Trainee: 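One structure coming up, written as structure tokens, with questions to follow.
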Amino acid sequence: MNSLTTRTQVAIIGAGPAGLTLSHLLAARGIDSVVVETRDRAAIESTIRAGVLEQGTVDLLTGTGVDTRVRTEGARHDGVEFRFGGRGHRIDFAGLVGRSVWLYPQHEVLKDLIATRLAAGADLRFGVSDVVPVGVETDSPAVHFTDAQGRRVELRCDVVAGCDGSAGVSRTALPEDRRVDHFRTYPFGWFGILAEAPPSSPELVYAHSDRGFALISTRTPDVQRMYFQCAPDEDPSAWSDARIWDELQARVAGDGFALKEGSIFQRGVIPMRSYVCDPMRFGRLMLAGDAAHTVPPTGAKGLNLAVADVIVLARVLEEFLASGEERRLDSYGPTALRRVWRAQHFSWWMTSMLHTPPEATPFDLQRQLGELDMVTSSRAGAAYLAEAYTGWPIDD
Ligand code: FAD
Ligand code: DHB
């Protein structure tokens with residue numbers, strides 16, 4: 001079998017938001033990287049995931065030369081609606097904190113990043129297999145993999161960036177006795193659909209009801225994204241379109257509001273988990289994004305947190321590579337984890353405020369309504385939510 005040896009400064013495992021953004025930010029600093037990714041480009045560019053970009057994520061994409069369509073094809077949202085007790089209650093992001101979010105799907109962000117990196121001559125290896133980070137506790141680490149042509153490759157580097165998501169190989173390269181896994185699963189999932197229909201609301205709707213949570217989001221003027229709380233092991237194929245619409249309508253009902261229905265062309269169940277790996281570094285292996293942490297989707301933080309991690313990581317790697325001083329790598333984890341734990345709290349809080357646990361009592365439901373009332377009617381409560389949802393300033 002042919003075997004190749006090659007070298008770069010930073011070997012990046014995973015071409016998701018974390019890996020591609022890191023490669024882009026490093027290139028802007030004159031730092032060479034190679035990205036290895038198990039999936040092919042078409043799969044990455046068509047997988048439906050998150051949809052909400054914080055203002056800071058949009059500013060980063062547009063301010064660092066990514067050839068992005070977020071401002072032309074994405075939609076700026078200056079607020080969000082919470083529905084409970086049969087009424088809608090708006091939170092005015094722009095008025096409260098002077099910031100907004102953008103609806104622009106994750107796979108469109110990935111298309112923009114891949115096109116920008118390839119136009120800059122980047123080395124992105126799609127369709128690789130058997131990826132193994134090696135020697136990360138030494139000063140000459142490497143990533144071994146089989147490339148799309150079947151050749152075994154040894155990619156030598158100064159640092160390995162583990163950006164391979166929650167099911168990748170990087171996290172498991174951190175020995176169990178050297179890390180703490182903070183983990184929580186929730187006793188429900190999200191049933192997500194894409195439907196050909198006009199928007200039902202100008203802004204996102206987060207709905208609390210005694211039947212459980214629902215979220216009304218959007219993709220384009222003709223395609224809508226909606227979710228509703230379901231059992232974690234729900235079988236999406238067991239639901240007819242009519243039953244899905246009835247369930248969604250029931251959860252948002254009140255004051256004449258009704259969803260505009262249409263043909264459902266994509267469906268799936270998303271698990272709800274909170275996870276943090278501490279530390280985020282083992283020797284020359286640095287974890288970023290979902291490889292290091294997972295949040296339940298309620299706060300729309302997953303993609304944004306991945307981007308915030310690699311902003312810090314790019315700065316730390318630049319300092320390390322310029323000085324050769326190992327201690328420069330130390331600040332990455334603690335700096336990134338500060339934001340991670342704030343986002344963990346926000347995502348857990350939004351989840352617990354809006355979802356109906358299987359054993360919920362009338363007390364639990366009334367307490368949630370009291371909390372929603374406080375958040376939507378108190379300026380301080382609404383400002384906390386607006387600040388967290390649109391994203392705290394990036395602390396790099
Ligand atoms: P990923 O996007 O997971 O990217 C990791 C990449 O690494 C992938 O392309 C993967 O193929 C690759 N990879 C994996 N293993 C290897 C390996 N061994 N070698 C090389 N490459 C490898 N967040 C929200 O905020 N809202 C949502 O609605 C939402 N929906 C989601 C739905 C699903 C089904 C999932 C899985 C996640 C969802 N998220 C959502 C979370 C959000 O999409 C993630 O937080 C975000 O993708 C994290 O980016 P990342 O780059 O860290 O990881
Ligand atoms: C979407 C996903 C989220 O997790 C969220 O909180 C808001 C919107 C979306 O896919 O549009």
Side-chain angles (χ1 to χ4, degrees), residues 11-23 34-41 43-45 47-54 57 74-75 77 80 101-107 109-110 113-114 124-133 143-146 155 160-173 189-190 192-194 203-206 213-220 223-227 266 268-273 275 287-310 313 340 343 346-347 350-351 354 389:
I12 300 175
I13 307 178
L20 289 168
T21 307
L22 179 62
S23 155
V34 174
V35 181
V36 297
E37 163 63 51
T38 46
R39 292 187 299 158
D40 62 30
R41 182 177 174 186
I44 292 173
E45 293 187 341
T47 304
I48 306 297
R49 288 198 177 175
V52 177
L53 305 187
E54 292 176 1
T57 302
H77 285 214
V80 73
V101 294
W102 293 77
L103 265 284
Y104 188 64
Q106 175 162 333
H107 64 277
V109 174
L110 294 176
L113 282 165
I114 290 170
L124 310 182
R125 311 279 181 101
F126 297 106
V128 308
S129 54
D130 300 320
V131 178
V132 192
V143 173
H144 294 174
F145 62 95
T146 302
L155 173 60
V160 177
C163 301
D164 47 352
S166 55
V169 291
S170 301
R171 184 193 297 166
T172 49
W190 273 16
I193 62 158
L194 282 171
E203 294 177 341
L204 265 60
V205 177
Y206 285 80
F213 170 72
L215 170 59
I216 312 306
S217 181
T218 184
R219 285 293 180 266
T220 67
V223 174
Q224 309 311 316
R225 179 79 163 141
M226 303 184 195
Y227 305 89
Q266 207 260 359
V269 170
I270 301 166
M272 304 279 283
R273 285 190 287 258
Y275 171 77
L287 301 182
D290 275 20
H293 41 71
T294 311
V295 285
T298 326
K301 287 277 165 265
L303 181 162
N304 296 293
L305 214 45
V307 170
D309 278 355
V310 300
L313 185 54
V340 167
F346 178 67
S347 307
M350 286 276 283
T351 302
L354 288 161
Y389 196 91

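This one's a predicted model, so the numbers in the text were calculated from it and none came from an experiment. Side chains are part of it too, since the values below use all heavy atoms of this structure and drop only hydrogens, waters and symmetry mates. Just so you know, ligand 1 is whichever comes first in the structure, and atom 1 is the first atom listed for that ligand.
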Trainee: Please confirm whether Arg219 comes under 4.0 Å of ligand 2, counting heavy atoms of the residue only.
Mentor: yes
Trainee: If you measure every N or O of Pro297 against every N or O of ligand 2, does any of those distances drop under 3.5 Å?
Mentor: yes
Trainee: For atom 37 (C) of ligand 1, find the nearest protein heavy atom and state the residue, atom name and distance (0.1 Å precision).
Mentor: Arg49 CD, 3.7 Å
Trainee: Among all the protein's heavy atoms, is there at least one whose distance to atom 39 (N) of ligand 1 comes out below 4.0 Å?
Mentor: no
Trainee: If I apply the N/O under 3.5 Å rule, does Thr218 come out as touching ligand 2?
Mentor: no
Trainee: Between Gly302 and Val295, which heavy-atom pair has the shortest distance, and what is it?
Mentor: N-CG2, 3.7 Å
Trainee: Just by distance, with hydrogens left out, do Asp164 and Ser170 show a side-chain donor and acceptor under 3.5 Å apart?
Mentor: yes
Trainee: Can you tell which of Val169, Val269, Ile44, Asp164 gets a heavy atom nearest to atom 16 (C) of ligand 1?
Mentor: Asp164
Trainee: Regarding atom 41 (C) of ligand 1: of the candidates Ile270, Leu287, Asp290, Leu20, which has the closest heavy atom?
Mentor: Asp290
Trainee: Nearest heavy atom to atom 5 (C) of ligand 1 wins, so pick from Ala288, Cys163, Ala300.
Mentor: Cys163
Trainee: Just let me know how Thr298 lines up against ligand 2, side chain, backbone, both or neither, with a heavy-atom cut-off below 4.0 Å.
Mentor: backbone
Trainee: Could a heavy atom of Tyr227 be found less than 4.0 Å from some atom of ligand 1?
Mentor: yes
Trainee: Any atoms of ligand 2 less than 4.0 Å from a non-hydrogen atom of Tyr206? List them with their elements.
Mentor: 5 (C), 6 (O), 7 (C)
Trainee: Out of Pro17, Gly16, Ala291, who gets a non-hydrogen atom closest to atom 49 (O) of ligand 1?
Mentor: Pro17
Trainee: With only distance considered, is Ser217 within less than 3.5 Å of ligand 2 through an N or O on each side?
Mentor: yes
Trainee: Kindly confirm or rule out an N or O of Trp190 lying under 3.5 angstrom from an N or O of ligand 2.
Mentor: no
Trainee: Quick test of your reading of the structure: of Val52, Leu303, Ile48, Ile270, whose heavy atom lies closest to atom 8 (C) of ligand 2?
Mentor: Val52
Trainee: When you look for heavy atoms under 4.0 Å from ligand 1, do you find them on the side chain of Val131, its backbone, both, or neither?
Mentor: side chain
Trainee: Between Gly19, Ala306, Ala18, Pro133, which one has a non-hydrogen atom sitting closest to atom 51 (O) of ligand 1?
Mentor: Ala18
Trainee: Tell me which part of Ser166 gets within contact of ligand 1: side chain, backbone, both or neither, using heavy atoms under 4.0 Å.
Mentor: neither
Trainee: Can you find an N/O atom of Trp190 closer than 3.5 Å to an N/O atom of ligand 1?
Mentor: no
